[in-house]
Structure formats: structure tokens, C-alpha cells
Amino acid sequence: MELNITKASHGKWMVLAVEGEIDIATAPALDDALDEVIGSGASDIAVDLRPVSFMDSTGLRSLMIADRRVREAGGTLAVVAGTGPAHRLLELAGVTETLTLADALEDLAEA
């Protein structure tokens, strides 16, 4: 399955909207997109995973590494997961307290 990633601004947030399946074959594309946005100097980055139909541990790894990098640079990485498959994986992995999570982009307006 293909992974589609688009960039857009939402207030102070640089948003990566991700659609498709995140697995061992597609996670490098997510890593590249995150690297590009982090490298651009964006300090507040949101990854919108609501349209993601499947995510495995490689996607989780990508998010955790990006979160660490953004925090070290003094910024915030927020994961917009809604209630879909990505949110379920984050809950099962026990990282809902570690990552900044939101149900919708609108929830980030005040974050």
C-alpha cells in the first residue's frame, strides 16, 4: 500500500497529514518527511494520523524518534490520532502519556 504525506500549516503548527498504511515498507517515507520538517526549523509539528488505515511498530518507532528530536530542539511534536488504528497502537504500546496526543487538529489550537 502507498503512503501519502502532505504538508500544511495550521496556526503555529506544521502539519504532516498521513494517509495509508505505515509499515516496514512505508515508514522510511514518514521518516523522510519528518526529517525534512524538523530540519526546516519548525518547532511545533503535528502528525495527523486519522486517515491511517494501519500502523505497526515501525510507525511507532518513527514517531518516538521524531518526538525526541523535536523535544531536544525545544519544540513539540503532537500526534493527531483520533480513534482509529494508529490511536489503538499508541494505547497498546503505552505511549499515550509519553507523546502529545490530540483527537483533532482543532484541539491543538491552544496547545
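All values below were derived from every heavy atom in this structure, side-chain atoms included, with hydrogens, water molecules and symmetry-related copies excluded. Remember, it's a predicted structure, so these values are computed and weren't measured experimentally.
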Within a strict 4.5 Å, meaning less than it, do heavy atoms of the Leu63 and Val47 side chains meet? yes
Looking at CG of Leu108 and CH2 of Trp13, how far apart are the two atoms once the value is rounded to the nearest 0.5 Å? 5.0 Å
Determine, step by step, whether Glu19 and Val52 satisfy the side-chain contact (heavy atoms from CB on, under 4.5 Å) criterion, reporting the C-alpha distance in whole Å, the side-chain angles of both residues, the deciding distance to 0.1 Å, and the verdict. CA-CA 5 Å; Glu19 183 177 0; Val52 168; over 6 Å; no
Heavy-atom side-chain proximity of Leu3 to Val18 below 4.5 angstrom: yes
Can you measure from CG (Leu77) to CG (Leu34) and round to the nearest 0.5 angstrom? 7.0 Å
Glu2 side chain reached by Thr26 side chain, heavy atoms, under 4.5 Å: no
What distance separates Lys7 NZ from Ile45 CD1, expressed to the nearest 0.5 Å? 10.5 Å
Taking all atoms of both residues into account, what is the closest heavy-atom pair of Pro28 and Ile24, and its distance? CD-O, 3.6 Å
Quick check: do Leu49 and Met55 have side-chain heavy atoms less than 4.5 Å from each other? yes
Here the side chain to side chain donor-acceptor pair (under 3.5 Å) pairs for residues 63-74, sequence neighbours left out, are Asp35-Arg69, Asp67-Arg71
In the single-linkage hydrophobic clustering (I, L, V, M, F, W, Y; side-chain heavy atoms under 4.5 Å), do Phe54 and Leu16 co-cluster? no
Do Ser53 and Glu21 have side chains that approach each other closer than 4.5 Å (heavy atoms only, starting at C-beta)? yes
Taking only distance into account, with no hydrogens and no angle test, what donor-acceptor pairs under 3.5 Å do side-chain atoms of residues 86-94 form with protein atoms, sequence neighbours excluded?
none

Reported CE-to-OG distance for the pair Met14 and Ser43, which is rounded to 0.5 angstrom: 10.5 Å
Using side-chain heavy atoms (C-beta onward) and a distance below 4.5 Å, is Leu99 in contact with Met64? yes
Rounded to the nearest 0.5 Å, what separation is found between the CD atom of Glu97 and the OG1 atom of Thr100? 10.5 Å
